[in-house]
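First up is the structure itself, then whatever we jot down about it.
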Amino acid sequence: MPFLELDVLNAPDRSILGIDLGTTYSLVALWQDGRPTILRPRGRDDGRIPSALHFPASGAPLVGWPARERAVSEPGRTLLSIKRLMGRGLADARADLALVPFPASENERGVIQLEAGGRRWTPQELSARILEEVWRTASEALGSPAPRRAVITVPAYFDEPQRAATRDAARLAGLDVVRIVNEPTAASLAYGLDRRKQGTVAVYDFGGGTFDVSLLAIEDGVFRVLSTAGDTHLGGDDLDRALVALALEEARPAPELAGDPAFLQGLRLAAERCKLALSSAPEAELRLAVPERGFLWKRNVTRAEFERRIAVHLERTLDCCRRAMHDAGLAPAAIDEVVLVGGSTRIPAVRAAVERLFGRKPHCELNPDEVVALGAAVQGHVLGGGTRELLLLDVTPLSLGLETMGGAVTKIIARNAPIPSQATETFTTYADNQTGIEFHVVQGERELAADCRTLGRFKLSGIPPMPAGMARIAVRFALDADGLLAVTAREQSTGVTTSIEIQPMHGLTDAEVEAMLASSLTHARADFDASRRANLLVELGTMQRAIEKNLPLARERLDRETRLELEEALAGARAAESVHEVGAVQKLRDRLEQAALPLAALLMDDVARGALQGKNLSEV
Amino acid sequence: MSAPAPCPHCGAPLASALVCEACGELLEVGTPPTPFAVFGLEPSFELDLAALQKRRLALARRLHPDFHGTADAETRRLAEDSSAALNQAHATLSDEFRRADWLVTHLGGPREQEERGMPAVFLQEVLEWNEAIAEARLGGTNAALAGLQRTLEEERARVRTSLRAELVPLTPEAARLRRARQNLNSLRYLERALGQLGELALAPRPS
């Protein structure tokens, strides 16, 4: 069956990766043979890829396991938990930056920049490095270039700049983000798949850096989020820090040591080891040795002691659960099932607290580290057109609005509103002949704009002069299915329309992303480009051979224009070996794929006709 | 109900202003359809909410951007817009207050700010409740809080009953619409007050 080989033309298009870009670990999964599968790094049973970067004295940064392994020996050159800096400014991230052993600054729009390995990096670029490693891992596991299209998960409580930063990181990594999905929602999808249950589910997602709780109603394959609550700065990292604080109190290192990010990061890793041990043992050692600084300290920590120290964090997670139930109008008794997600839910005290609050034993059949990536792969399967049986209906975690006179906020889209969501509010001028009006777009629940998160400011100008209160300026908020916002404004009364897109605060502009892509393509990412180019060439070769083999079967039935285009695209593909620029190779690949579509369609018809031949109507 | 418009793509009668459920085509809508038109319903205050939710999920299965992930950019935009319209229509219809608000405005009744009239008795009560909430905020007992909540809920039930009387059956009679708006304004106050009490109950309290 020669036509089946043409499947390679369609296969890369249909499948969509599911990526869990986590604070401490990232995972990638793909829908294969009727179920989602974790794509594991070569030689490991563990599907996790550490979200860690290591900057050696010279050469390109290391990512993933090699970086994580050096975090202990060389904490001063290793970057962990970059996710906590995504979409944040310096002031927001002070506590996290204390553990970052690299100088940090901020550009004029509040984007953090870290100086490492002889250059400046935005969190988006650093996360892009991790995503590249994730993609490489996926390609390795598959034995061929992984799909470039991906579903990426984010904490449900991520605000708009954090989501936009994630999307930009993916773009910088050469990925096409088909959908941004909330982590707890993705997890529910992975669970719901096996069970096909109806009812109300609470997903308690306590990860490395963030906490989310989402309540969902599941019926007939529709996963409808009722409410969500959380804290993007509450995770396993904070539990580690509880032990770091204990060590600092008791060990009393010299002030210059205690203020050294590398020392603190080393201590944090020691705290993490102790925490992990305490999940299975009643007592564990907390130990840190820095011989070259003359520091050696150890002591045993009991589980009870650890639980006392993290009680305040657990209580914060329970407060979020109560708020989510309040918003959904549900009592604990109305919740049919509770699902645990995230590595921190391995802690016995966490499980016990959840069980007490909801009054039922939580589910933990699936690996809490893997369930989000699995769910993302399920969503990828849906988005690729694989099934219409499942549908996610998600909500926005935080209200969106505009600052009005006096610094108050007018909410345009309320929290827990289902997305996509669009709303328009009309404003007017307050002075005669006012030709411009400034808008301050904010996100958050507080009543004053100053207490909410600034998403951006924009000015609508070109309003024709008219008396105060006559202009009608319609401001339209459009929140898409990814939770990303577009704001436009129009003056309506005169038919003069002006529309302006918002400039992101704590985020990158499209132009900046393009510039980063361009510079990384020519310079720092030469290594990555080489592998991407190689992968593209392999793909091109496979496509080219399939087309060459099948073209004779259908050449006469293709119209002249299609045939010419296909032959030109083929000629381009044959010459690809001599093309060095990766973008150009990508273009050759894309062109060939496009040009071959009519041929593929013809051959598919042949297959269908062939299958029908020699059969009478009743057999069909 | 008037005869439904035919689908411009396949000619089948349309049961929603957003999508043709016969051929699956998303419909380009010039002026935004009314929330009732989205669901193919005649305006009415009385609504079967379970059926509405079922219908919403069925329409979401047609419209949601997830199911148009591989379509062209124009279709994807249409899917975003139509899904947002569906969500908004469902939010308006599934909430009794918003549904009534929409109906009163749609039938030419007074808007929220246009109707200032409020029974004196109710205004007197509002003053008392405000005082009680302020006290609770300063550290009232849980029992006092619960008592106040019960009073407000009883009042809410009473106002809802009289709102229903004004809107069922639905007529464009000015006096009824005006009284309905008054009821809505009372309800808005009561909901806000109950919301504040709810927040108080959630906040950590000195025991």
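What you see below is based on every heavy atom in this structure, not just the backbone, and it leaves out hydrogens, waters and symmetry mates. Here the structure is a predicted model, which means the values were calculated and not measured.
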Evaluate whether atom [atom1] of [X] has more than 12 neighbouring non-hydrogen atoms of other residues, nucleotides or ligands under 6.0 angstrom away.
X: Arg446(A); atom1: CZ; result: no
X: Gln594(A); atom1: CD; result: no
X: Asn130(B); atom1: CG; result: yes
X: Glu315(A); atom1: CD; result: yes

Please report the shortest heavy-atom distance between [X] and [Y], naming the atom on each side.
X: Ala481(A); Y: Glu80(B); result: N-OE1, 3.2 Å
X: Leu392(A); Y: His64(B); result: O-NE2, 3.5 Å
X: Ala60(B); Y: Leu393(A); result: CB-CD2, 4.2 Å
X: Arg61(B); Y: Glu389(A); result: NH2-O, 3.1 Å
X: Gly69(B); Y: Arg149(A); result: O-NH1, 4.2 Å

Please tabulate, one pair per line, all N/O donor-acceptor pairs under 3.5 Å involving side-chain atoms of residues 143-153 of chain B, not counting sequence neighbours.
| unit_1 | atom_1 | unit_2 | atom_2 | d |
| --- | --- | --- | --- | --- |
| Gln149(B) | NE2 | Glu153(B) | OE2 | 3.3 |
| Thr151(B) | OG1 | Gly147(B) | O | 3.0 |

Practice task
Sort Arg56(B) into side chain, backbone, both or neither according to what part of it lies under 4.5 angstrom from a heavy atom of chain A.
Solution key: side chain
Practice task
Please round to the nearest 0.5 Å and tell me the distance separating atom CD of Gln53(B) and atom CD of Glu219(A).
Solution key: 6.0 Å
Handout entry: Region of Arg388(A) in contact with chain B, defined by heavy-atom distances below 4.5 Å
Key = both
Problem - chain B interface, residue from Val382(A), Ile419(A), Leu391(A) that has the most non-hydrogen pairs under 4.5 Å - result: Leu391(A)
Exercise for the section: Could you please state which residues from residues 84-92 of chain B sit under 4.5 angstrom from chain A, measuring non-hydrogen atom to non-hydrogen atom, sorted by number, or 'none'? Expected result: Ala84(B), Asn87(B), Gln88(B)
